[in-house]
Amino acid sequence: MKIAVFPGDGIGPEVTHEAVRVLQALDLPGLTLFEGDVGGIAYRRHGHPLPPETLEMARAADAVLFGAVGDPSCDGLERHLRPEQAILGLRAELGLFANLRPATTFPGLEGMSALRPEIAAAIDLLIVRELNGDVYFGDKGTRTLDDGQRQGWDMMAYAEGEVRRIAHLAFRAAQGRKRRLVSVDKANVLETSQLWRDVVNELAPEYPGVTLEHMYVDNAAMQLVREPGRFDVIVTGNLFGDILSDQASMCVGSIGLLASASLGERETAFGTFGLYEPIHGSAPDIAGQGRANPMATILSAAMMLRHSFGREADAARIESAVARALADGVRGGDLGGEAGTAAIGDAVLERL
Ligand SMILES: NC(=O)c1ccc[n+]([C@@H]2O[C@H](COP(=O)([O-])OP(=O)(O)OC[C@H]3O[C@@H](n4cnc5c(N)ncnc54)[C@H](O)[C@@H]3O)[C@@H](O)[C@H]2O)c1
Ligand SMILES: CC(C)[C@H](C(=O)O)[C@@H](O)C(=O)O
Ligand SMILES: [Mg+2]
């Protein structure tokens with residue numbers, strides 16, 4: 001079981017450290033961890049946010065545990081050298097097209113939601129975000145118009161094959177859950193979205209047991225706070241999925257709680273190769289203070305054991321330790337509590 005650990009910037013190293021402690025506590029057979037540089041730290045050490053040796057390390061591993069990248073001091077760099085290119089590069093180079101972002105309210109945490117507790121209590125949803133296409137990966141640039149103004153532009157595009165593979169995955173995910181799929185787009189305005197909707201509709205007959213609904217993204221943002229319990233699986237494009245998943249985190253209570261798995265087609269000896277990371281970023285405002293909540297990263301390690309190593313029991317063990325820590329009142333600053341990063345890690349370890 002070879003795991004490449006890429007801590008990255010800001011709180012990334014703090015939260016991955018706790019997730020690694022949890023993995024090490026499980027006595028996993030043949031567990032080998034190796035660490036690589038990504039993001040701003042990699043730029044400073046190697047001149048590039050995703051150095052070739054880091055990419056090679058990812059390719060040689062069975063799974064990647066990723067912290068976060070992003071460093072305000074790098075915001076002035078040319079785009080291809082910015083820390084965020086590390087995660088975008090890994091997703092593209094490793095063909096990780098499916099990003100699973102589950103959001104479920106933990107028992108006892110209903111009162112921490114930005115929503116009323118009775119509304120938050122019903123949240124149990126999975127956002128399936130397409131991760132290799134959309135406006136993220138289209139051509140982009142800045143040009144000067146005839147009237148002398150600068151114009152920034154980004155091309156949004158989806159090929160039908162890209163929509164088909166993520167839609168199949170989302171339909172299958174819905175089959176394994178409550179059999180309800182909401183496809184989120186902006187087909188009333190965007191051609192990209194109209195194609196998305198058409199392709200999803202073409203596949204629907206292959207999944208007669210799944211109820212499919214289409215929803216415009218503006219309405220979806222509203223429904224997510226009005227009645228989040230109505231959602232089971234949401235499938236959407238790269239940009240909309242990025243935004244809706246941060247929103248879903250506050251419905252559950254904190255961005256420090258939401259984990260993610262990024263999967264492609266590569267199979268290893270153990271399961272599907274994947275990259276696992278919290279949905280949050282490097283949180284420069286609290287970095288270096290030992291205040292970050294590592295639960296999202298610890299829960300990402302659980303998703304890794306499930307999807308990349310077929311170790312459902314170990315994944316469930318981690319998830320239940322996190323749930324019990326929360327039920328016992330262990331709260332980071334993001335949840336209005338006092339517990340620091342290491343103390344939260346300890347609390348999870350004690351409950352494993
Ligand atoms: N996958 C990634 O590596 C990733 C994801 C999102 C943002 N980023 C990058 O991170 C940098 C900061 O971005 P941002 O501020 O918009 O988003 P962010 O997620 O880093 O932080 C948003 C807010 O949430 C808080 N927060 C985030 N994670 C937390 C945790 N685990 N515990 C407690 N509080 C937490 C932060 O303190 C901040 O107030 C940027 O450079 C951005 O590009 C990287
Ligand atoms: C850092 C950034 C490129 C990234 C994204 O937009 O995908 C982040 O916001 C995320 O949610 O993983
Ligand atoms: Mg994001």
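Position 1 is the first residue of the sequence; numbering continues from there. Numbering of ligands and ligand atoms starts at 1, following listing order.
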Kindly work out whether a path of hydrophobic side-chain contacts (I/L/V/M/F/W/Y, heavy atoms less than 4.5 Å apart) joins [X] to [Y].
X: Met155; Y: Leu195; result: no
X: Leu31; Y: Leu26; result: yes
X: Val15; Y: Leu335; result: no
X: Val22; Y: Met295; result: yes
X: Val135; Y: Leu131; result: no

Any side-chain heavy atom of [X] within less than 4.5 Å of one from [Y]?
X: His17; Y: Val5; value: no
X: Leu90; Y: Phe6; value: yes
X: Asp232; Y: Leu181; value: no
X: Met215; Y: Phe231; value: yes
X: Arg311; Y: Pro29; value: yes
X: Met112; Y: Ser254; value: no
X: Thr341; Y: Ile11; value: no

Relative to ligand 1, is [X] under 4.0 angstrom through side chain, backbone, both or neither, heavy atoms considered?
X: Asp246; value: neither
X: Ile255; value: side chain
X: Val69; value: both
X: Pro284; value: side chain
X: Arg291; value: neither

Handout entry: Arg116 and Glu118 ion-paired at < 4.0 Å
Key =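 A salt bridge links Arg116 with Glu118.
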
Is [atom] touching the protein, meaning some protein heavy atom lies under 4.0 Å away?
atom: atom 4 (C) of ligand 1; result: yes
atom: atom 11 (C) of ligand 1; result: yes
atom: atom 14 (P) of ligand 1; result: no

Find all atoms of ligand 1 within a distance of less than 4.0 Å from any non-hydrogen atom belonging to [X], and give their numbers and elements.
X: Ala292; value: 32 (N)
X: Phe66; value: 3 (O)
X: Gly281; value: 4 (C), 5 (C), 6 (C), 7 (C), 8 (N), 10 (O), 18 (P), 19 (O), 20 (O), 44 (C)
X: Ile11; value: 28 (N), 29 (C), 30 (C), 31 (N)
X: Ala68; value: 3 (O)
X: Gly70; value: 41 (O)

Handout entry: Where at least one partner belongs to residues 127-168, residue pairs that pass ring-ring contact (aromatic ring centres under 6.0 Å, His included), sequence neighbours excluded
Key =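 Qualifying pairs: Tyr158-Trp196, His168-Tyr207.
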
Nearest protein heavy atom with distance in Å, relative to [atom]:
atom: atom 1 (N) of ligand 1; value: Glu277 OE1, 2.9 Å
atom: atom 39 (O) of ligand 1; value: Asp285 OD2, 2.8 Å
atom: atom 20 (O) of ligand 1; value: Ala283 N, 2.8 Å
atom: atom 32 (N) of ligand 1; value: Asn293 N, 2.9 Å
atom: atom 42 (C) of ligand 1; value: Glu84 OE2, 3.5 Å

Handout entry: Audit row: Thr105, Ser113, side-chain contact (heavy atoms from CB on, under 4.5 Å) steps and yes/no
Key = CA-CA 8 Å; Thr105 297; Ser113 170; over 6 Å; no

Practice task
Could you tell me whether some N/O pair between His280 and ligand 1 is separated by less than 3.5 angstrom?
Solution key: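 The answer is yes, given that His280 and ligand 1 share an N or O pair closer than 3.5 Å.
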
Practice task
Step through the shown structure and confirm whether more than 12 heavy atoms of other residues, nucleotides or ligands are within 6.0 Å of CD on Glu338.
Solution key: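 Not buried by this count: 12 neighbours or fewer within 6.0 Å.
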
Exercise for the section: Check each of Ile87, Thr297, Ile344, Ile286 against atom 33 (C) of ligand 1 and report the one with the nearest heavy atom. Expected result: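 Comparing heavy atoms across Ile87, Thr297, Ile344, Ile286, the nearest one to atom 33 (C) of ligand 1 lies in Ile286.
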
Practice task
Any chance you could lay out the side-chain contact (heavy atoms from CB on, under 4.5 Å) test for Asp37 and Glu53, step after step, and finish with the verdict?
Solution key: CA-CA 9 Å; Asp37 290 331; Glu53 51 268 44; over 6 Å; no

Practice task
Test side-chain contact (heavy atoms from CB on, under 4.5 Å) on Lys2 and Thr268 and set out the steps.
Solution key: CA-CA 10 Å; Lys2 282 182 288 179; Thr268 70; over 6 Å; no

Practice task
Can you list, by chain and residue number, the protein N, O or S atoms under 2.8 Å from the Mg ion (ligand 3)?
Solution key: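 Short answer, with waters excluded from the count: Asp242 OD1.
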
Problem - Where Ser262 and Asn99 come nearest, the two heavy atoms and their spacing - result: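 Closest pair (atom of Ser262, atom of Asn99, distance): OG-ND2, 3.2 Å.
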
Note down each nitrogen or oxygen pair, ligand 2 side and protein side, whose separation is under 3.5 Å; give only atom names and the distance to 0.1 Å.
unit_1	atom_1	unit_2	atom_2	d
ligand 2	6 (O)	Tyr136	OH	2.5
ligand 2	7 (O)	Arg91	NH1	2.7
ligand 2	7 (O)	Arg129	NH1	3.3
ligand 2	7 (O)	Arg129	NH2	2.7
ligand 2	9 (O)	Asp242	OD1	3.2
ligand 2	11 (O)	Arg101	NH1	3.3
ligand 2	11 (O)	Arg101	NH2	3.0
ligand 2	11 (O)	Asp242	OD1	2.9
ligand 2	12 (O)	Arg91	NH2	2.7
ligand 2	12 (O)	Arg101	NH2	3.0

Practice task
Enumerate the residue pairs fulfilling side chain to side chain donor-acceptor pair (under 3.5 Å) with a member in residues 219-228, sequence neighbours excluded, ordered by first and then second residue.
Solution key: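 Applying side chain to side chain donor-acceptor pair (under 3.5 Å) to every pair that reaches into residues 219-228, excluding sequence neighbours, yields Asn219-Gln223, Gln223-Arg226.
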
Problem - Ser282 near ligand 1 by a heavy-atom separation under 4.0 Å - result: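 Heavy atoms of Ser282 do come under 4.0 Å of ligand 1.
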
Exercise for the section: Decide whether the shortest distance between a heavy atom of Gly332 and an atom of ligand 1 is less than 4.0 Å. Expected result: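 Not so, Gly332 does not reach ligand 1.
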
Practice task
Ignoring hydrogens and angles, state whether a donor on the side chain of Ser193 or Arg197 is under 3.5 Å from an acceptor on the partner side chain.
Solution key: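 Arg197 and Ser193 do not have a side-chain donor-acceptor pair below 3.5 Å.
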
